[in-house]
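Just so it is clear, the values below take in all heavy atoms, side chains as well, and ignore hydrogens, waters and symmetry mates.
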Amino acid sequence: EVQLVESGGDLVQAGGSLRLSCAASGITLDTYVIGWFRQAPGKEREGVASIMSSDGSTRYADSVKGRFTISRDNAKSTKSTVYLQMNSLKPEDTAVYYCAAQYGLGPRMFPYEYDYWGQGTQVTVSS
């Protein structure tokens, strides 16, 4: 069974930083794409960043380029973790952040491209 568990969401002031974690079990990260998405109240879910961990290739939304970094740990364990380091946070980054996983190749940025989802973690950036 595939399970994704996000953590690390918090309330932070504008300009601050947070690191989100996505603990994945039931999959081998080398064969999966992991994406981070976010959804603000009244808005559609949008792709933030994606990583194909087998070759390290990544994609980012224009709104977060230069501020957010997606990465994975390389520990050989049952649970593998993908991180989203978020710097220079802005109030418009406020949303519930979700990680998602999909078997296959190449980073991808649309929700419909993913089959497995976590429960989300709240990020709130105050001005």
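With a 4.5 Å cut-off on side-chain heavy atoms, Ser63 and Arg38 count as touching.
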Fill in: side-chain contact (heavy atoms from CB on, under 4.5 Å) assessment of Cys22 paired with Trp36
CA-CA 9 Å; Cys22 173; Trp36 280 99; 3.5 Å; yes
Practice prompt. Any chance you could lay out the side-chain contact (heavy atoms from CB on, under 4.5 Å) test for Val123 and Met86, step after step, and finish with the verdict?
Written response: CA-CA 10 Å; Val123 172; Met86 306 187 296; 3.9 Å; yes
Discussion item. Go through it in stages, so that I can follow the logic: the residues are Val96 and Thr121, the test is side-chain contact (heavy atoms from CB on, under 4.5 Å), and I'd like the CA-CA distance, side-chain angles, deciding distance and then a yes or no.
Written reply: CA-CA 5 Å; Val96 177; Thr121 186; over 6 Å; no
Fill in: Audit row: Gln39, Glu44, side-chain contact (heavy atoms from CB on, under 4.5 Å) steps and yes/no
CA-CA 6 Å; Gln39 188 165 19; Glu44 294 187 353; 5.5 Å; no
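Geometric assessment of Arg72 against the ring of Tyr83 yields a negative cation-pi assignment under the 6.0 Å and 45° thresholds.
For Phe37, the ring-ring contact (aromatic ring centres under 6.0 Å, His included) partners are Tyr114, Trp117, not counting sequence neighbours. The salt bridge (charged side-chain N to carboxylate O under 4.0 Å, His left out) test applied to Lys65 returns Asp62, not counting sequence neighbours. Evaluation of the salt bridge (charged side-chain N to carboxylate O under 4.0 Å, His left out) rule for Glu113 yields no partner, not counting sequence neighbours. Take Asp10 and apply the salt bridge (charged side-chain N to carboxylate O under 4.0 Å, His left out) test, not counting sequence neighbours, and it matches no residue. Scanning for salt bridge (charged side-chain N to carboxylate O under 4.0 Å, His left out) contacts around Arg67 gives Asp93, with sequence neighbours left out.
Minimum interatomic distance between Leu4 and Ala24 (heavy atoms only, all atoms of both residues): CD2-CB, 3.6 Å. Closest non-hydrogen pair, Ser50 versus Arg108, comes out as OG-N, 3.1 Å. In terms of heavy atoms, Ala40 sits closest to Thr94 at CB-O, 3.7 Å. Tyr32 and Ile27 get closest at one heavy-atom pair: CZ-CG2, 3.5 Å. When every heavy atom of Pro107 is checked against every heavy atom of Val33, the shortest pair comes out as CA-CG1, 3.9 Å.
Judged by distance alone, with hydrogens and angles left aside, the side-chain atoms of Gln102 form a donor-acceptor pair with the main-chain N or O of Asp115 at under 3.5 Å.
In the hydrophobic clustering of this structure, Leu29 does not group with Met52; members are Ile, Leu, Val, Met, Phe, Trp, Tyr whose side-chain heavy atoms approach within less than 4.5 Å, directly or through other members. Tyr98 and Leu18 sit in two unconnected hydrophobic clusters of ILVMFWY residues. Membership requires side-chain heavy atoms under 4.5 Å apart, directly or through other members. Clustering ILVMFWY residues whenever any of their side-chain heavy atoms sit less than 4.5 angstrom apart, transitively, puts Leu89 in a cluster other than the one holding Leu11. Connection of Tyr116 to Val82 is established within a shared hydrophobic cluster, with ILVMFWY side chains joined at heavy-atom distances below 4.5 Å, either directly or through further cluster members.
Taken from CD in Glu1 to OG in Ser25, the straight-line distance is 7.5 Å, to the nearest 0.5 Å. The structure places CD of Gln119 at 10.0 Å from CD of Gln3, a figure rounded to the nearest 0.5 Å. Distance check, rounded to the nearest 0.5 Å: CG of Asp30 to OG of Ser80 gives 8.0 Å. Separating the CG atom in Leu20 from the OG1 atom in Thr81 is a distance of 12.5 Å, to the nearest 0.5 Å.
Every pair tested for disulfide (SG to SG under 2.5 Å) that includes a residue from residues 29-61 fails, sequence neighbours excluded, so the list is empty.
Evaluated for a side chain to side chain contact (heavy atoms under 4.5 Å, CB included) with Ile51, the options Leu84, Thr69, Thr58 yield exactly one hit, Thr58.
Using modelled atom types, one finds a donor on one side chain and an acceptor on the other under 3.5 Å when comparing Ser17 with Asn87. Using a 3.5 Å distance cut-off with no hydrogens or angles, the side chains of Asp55 and Ser57 do pair a donor with an acceptor.
Ring geometry for Phe68 versus Tyr97: interplanar angle of 30 to 60°, hence tilted.
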